[in-house]
There are 2 protein chains.
Amino acid sequence: MIKIQQNTLYGEAAARIRDMINEGLLLPGTRIPEKRLCEQFGISRTPLREALKVLASEGMVELLPNRGARVMRLTRQMLEETYSVMGALEGLSGELACRHITEEEIADIQALHYQMMAYYKRKEIRPYFEFNQRIHDAIMLASRNEVLRETHSSLNHRIQRVRYSTSMTDEYWKQAVADHEAMIDCLLDRDGERLGNILREHLRHKLVVAAASGVIDDDLAASS
Amino acid sequence: MIKIQQNTLYGEAAARIRDMINEGLLLPGTRIPEKRLCEQFGISRTPLREALKVLASEGMVELLPNRGARVMRLTRQMLEETYSVMGALEGLSGELACRHITEEEIADIQALHYQMMAYYKRKEIRPYFEFNQRIHDAIMLASRNEVLRETHSSLNHRIQRVRYSTSMTDEYWKQAVADHEAMIDCLLDRDGERLGNILREHLRHKLVVAAASGVIDDDLAASS
DNA sequence: TTTGGCTGTTTTGTATTCATAATTCACTTT
DNA sequence: AAAGTGAATTATGAATACAAAACAGCCAAA
């Protein structure tokens, strides 16, 4: 969305706050401590407040007039809604990718897949997810739709704090790997409809695991 | 995205700038004149700059460090990409709406449809589009997915400046009306899959008309 | 005539200050 | 002990000031 913001203080501050939220240093539902963050970052309140506007647009925080900003809770409902939307977006990315992808890009995705599989075999979950994400990024890039990529990325920021590793089952992991192999097949066949369906289904599986992880607030608690 | 911002200066400023862009008072590709807008709105630069961050997140303006903000051009490519994504989102809204919609909501959509048809018969295009939009909003609301609604709305802001009326054909209009009647049927039948398809196809038709309207920049011109 | 350098002006990004709203604390009343 | 009130403190939103970057204009040199 925002182009070329990396060398502005507000952009830097937004990124750092986003990281702090994702790493659990700023907990869901809690107030953003403007003064403390300014001291911590060594900047004035102006760029920090601008950063909060950016983060609010991303759905990372909510702005409450005269009461400051609060970290958005990740409720089960919001998670389901977000995954549903992302499913539609990723489905579209799969369809478009099969239309536009090059042989080189397919080969690169295959290479990433083999690297990911190596980590799967070694049960190293953190790098597994890293390569998993890179594969999805590559498919999204192959869609040749920048609006799609940015929209998806914006939603992805919100769920970055979900810790799948705490609720991974062997069954899910096996299914995820099978999904990925089917994705490769679809890319090779340029079967966009099937890839779209697999990506949507893949995200549904992921939602089940995400919903079982520890950062999800009960809906009743969230409305209090 | 941003909750409860209607009574803040930055929120008000963002809305007014958005309107000015959509009404052609701030033209695509042009610099946002901060100083002049501050004088015009009677506010200081702080909330105005905050407003620009919000608008950048929406894709209405682009922020160029040390060079200020510029109204986003609406290129053919961006339009196609945006419609493609919105098609996926509206398709999903149709599927979800058929799952959740109440009889009262269907009746309300039918009433809106009749009102819209009256304007169609009288060839009053402006109110036709107003009711058209209300029908789509009602379907989106019936999806019961707030993330979907907000994501779609954010994208919709970007294309608000498209003036369909300048390139409307009788053929398109007839097709659009037929699409709408089919939508009602699907809602009555709760046929989500078919509604999703109609909504996607409906947007494809709309893209053809949008692409023929006068605010679209040639891609080559946009990169200069 | 064109190009490059310099200077002055304007714009941009950020820091600081000011005014207002909200919260907290202490004291009094019930 | 609980509730209410008022004052003090803190936080928030916006205005203003400051420093740096960018731009425009002018003049001299090639």
Side-chain angles (χ1 to χ4, degrees), chain A residues 1-18 20-21 25-73 224, chain B residues 1-18 20-21 25-73 224:
Chain A
M1 295 297 156
I2 307 191
K3 312 261 176 104
I4 315 180
Q5 70 170 358
Q6 299 92 334
N7 54 353
T8 56
L9 282 189
Y10 78 85
E12 180 74 28
R16 285 173 70 167
I17 295 170
R18 196 183 291 120
M20 290 169 83
I21 293 171
L25 300 178
L26 289 172
L27 292 179
T30 59
R31 281 257 310 279
I32 302 279
E34 274 190 23
K35 190 175 174 185
R36 180 154 61 79
L37 288 185
C38 287
E39 290 163 0
Q40 202 167 324
F41 297 169
I43 62 174
S44 77
R45 284 178 59 230
T46 308
L48 191 110
R49 293 178 57 79
E50 291 180 357
L52 290 177
K53 304 299 185 287
V54 172
L55 290 167
S57 293
E58 292 177 4
M60 294 293 285
V61 303
E62 54 182 340
L63 301 173
L64 309 167
N66 288 314
R67 284 169 179 72
R70 195 165 65 181
V71 179
M72 284 293 272
R73 285 195 159 103
S224 67
Chain B
M1 292 299 154
I2 306 191
K3 314 261 176 108
I4 315 180
Q5 71 171 0
Q6 300 93 329
N7 53 354
T8 57
L9 281 190
Y10 79 87
E12 181 73 29
R16 287 173 68 168
I17 294 170
R18 198 184 290 121
M20 290 169 81
I21 292 172
L25 299 178
L26 289 172
L27 293 178
T30 59
R31 279 259 311 280
I32 301 279
E34 274 190 22
K35 189 174 174 187
R36 181 154 61 76
L37 288 184
C38 286
E39 289 164 359
Q40 203 167 327
F41 296 169
I43 62 173
S44 76
R45 285 178 59 229
T46 309
L48 190 108
R49 294 178 56 78
E50 289 178 357
L52 290 177
K53 304 300 183 290
V54 173
L55 290 167
S57 294
E58 292 177 5
M60 295 293 287
V61 303
E62 55 183 339
L63 301 175
L64 309 167
N66 289 314
R67 285 168 179 71
R70 193 165 66 179
V71 179
M72 284 294 270
R73 285 194 157 103
S224 66

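Numbered from 1 within each chain, the chains take letters A, B, ... in sequence-line order.
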Going by the salt bridge (Lys or Arg N to Asp or Glu O under 4.0 Å) test, name the single residue among B:R45, B:R70, B:R67 that passes it with B:E34.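 Among the candidates, only B:R45 passes.
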Kindly list each side-chain donor-acceptor pair under 3.5 angstrom involving residues 35-44 of chain A, sequence neighbours excluded, with atom names and distances?
from, atom 1, to, atom 2, distance (Å)
A:S44, OG, A:T46, N, 3.4

Checking all strands, does B:R31 fall into the base, sugar-phosphate, or nothing category for heavy-atom contacts under 4.0 angstrom?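 The answer is sugar-phosphate, as B:R31 gets under 4.0 Å only of primed atoms, P, OP1 or OP2.
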Can you give me the closest heavy-atom contact between [X] and [Y], atom names plus distance?
{"X": "B:V54", "Y": "A:K53", "answer": "CG2-CB, 4.2 Å"}
{"X": "A:I32", "Y": "A:L52", "answer": "CG2-CD2, 4.0 Å"}
{"X": "B:P47", "Y": "B:L9", "answer": "CB-CB, 3.8 Å"}

Send over the distance from [X] [atom1] to [N] [atom2], rounded to a whole Å.
{"X": "B:L64", "N": "D:dC23", "atom1": "CG", "atom2": "P", "value": "10 Å"}
{"X": "A:R36", "N": "D:dT10", "atom1": "CZ", "atom2": "P", "value": "16 Å"}
{"X": "B:L37", "N": "D:dA14", "atom1": "CG", "atom2": "P", "value": "16 Å"}
{"X": "B:R70", "N": "D:dA22", "atom1": "CZ", "atom2": "C1'", "value": "15 Å"}
{"X": "A:L48", "N": "D:dG13", "atom1": "CG", "atom2": "C1'", "value": "14 Å"}
{"X": "A:L52", "N": "D:dG13", "atom1": "CG", "atom2": "C1'", "value": "13 Å"}
{"X": "A:R67", "N": "D:dA11", "atom1": "CZ", "atom2": "C1'", "value": "12 Å"}
{"X": "A:E34", "N": "D:dT12", "atom1": "CD", "atom2": "P", "value": "5 Å"}

Hey, is A:E58 close enough to A:R18 for a salt bridge, meaning N to O under 4.0 Å?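 Judged by the 4.0 Å cut-off on N to carboxylate O distance, A:E58 and A:R18 do form a salt bridge.
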Give each protein N/O atom lying under 3.5 Å from an N/O atom of nucleotides 14-16 of chain C, with the pair distance.
from, atom 1, to, atom 2, distance (Å)
C:dT14, OP1, A:L9, N, 2.5
C:dA15, OP2, A:S44, N, 2.7
C:dA15, OP2, A:S44, OG, 2.4
C:dA15, O5', A:S44, OG, 3.4
C:dA15, N7, A:T46, OG1, 2.9
C:dT16, O4, A:T46, OG1, 3.3

